[in-house]
Amino acid sequence: MSHPAAKAGRVLLGILSLFAAWALGGYVGDLICPQSGIVGGRESLAAKAGSSVAIVIASLVLGRYVLRSFRVALLCLGSTELLVLLIIMGFSGLGMLALSDIRFNVWWLYAVTWNVVLAFLLGAGLGVLWFRRAANNVPEATAG
């Protein structure tokens, strides 16, 4: 069983990696196809596709080498979504006091991150399966 501080460090590394992959993938997607249409608020289709590909790759590597369990991967995703919700609330200036504020902020969270959630679940799931398969296929020590 791993130490809680090590788990927290792995989750924080996952959060930072997800933000970096999202930003880099969106930038590269916009460079490749700069005149694509707008989807889900203010993000271009090319940026959304680029960030999705980058998130799948990053979460595959994170699931294999850093997170190593689906429970820790879900904790990383939930923490990232909570951080993004706090950022959205900071930009919108709306707290969670009224039902309309909650609806507005959650709609923006969905519009910005639906592709990230799907891409992360796909990549992290495959990465964790890859880790488990590699852990089960350790060669047996032979008596020499």
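- Under the 4.5 Å side-chain heavy-atom criterion for grouping Ile, Leu, Val, Met, Phe, Trp and Tyr, L18 is not connected to L16 through any hydrophobic cluster.
- Cluster membership for V66 and F70, using ILVMFWY side-chain heavy atoms within less than 4.5 angstrom, is shared.
- Nearest approach of I55 to W22, heavy atoms of both residues: CD1-N, 3.9 Å.
- Nearest heavy-atom pair, F131 versus G63, reported as atom, atom and distance to 0.1 Å: CB-O, 4.1 Å.
- When all heavy atoms are compared, the tightest approach of S52 to A119 is O-CB, 3.5 Å.
- Scanning all heavy atoms of the two residues, the minimum distance from K48 to V112 falls at NZ-O, 3.3 Å.
- Of the candidates V117, I15, L67, L82, L77 forms a side-chain contact (heavy atoms from CB on, under 4.5 Å) with just one, namely V117.
- Between R68 and R10 the shortest side-chain heavy-atom distance falls below 4.5 Å.
- Across every non-hydrogen atom of F19 and V84, the tightest pair is CZ-CG2, 3.7 Å.
- The backbone N or O of A46 lies less than 3.5 Å from a partner atom in the side chain of S36, making a donor-acceptor pair.
- Side chain of T113 to backbone of V116: no donor-acceptor contact under 3.5 angstrom is found.
- Pairing each heavy atom of S59 with each of G123, the nearest pair is OG-CA, 3.1 Å.
- For the pair D30 and S44, the minimum side-chain heavy-atom distance is below 4.5 Å.
- Counting heavy atoms from C-beta on, the side chains of L85 and M89 come closer than 4.5 Å.
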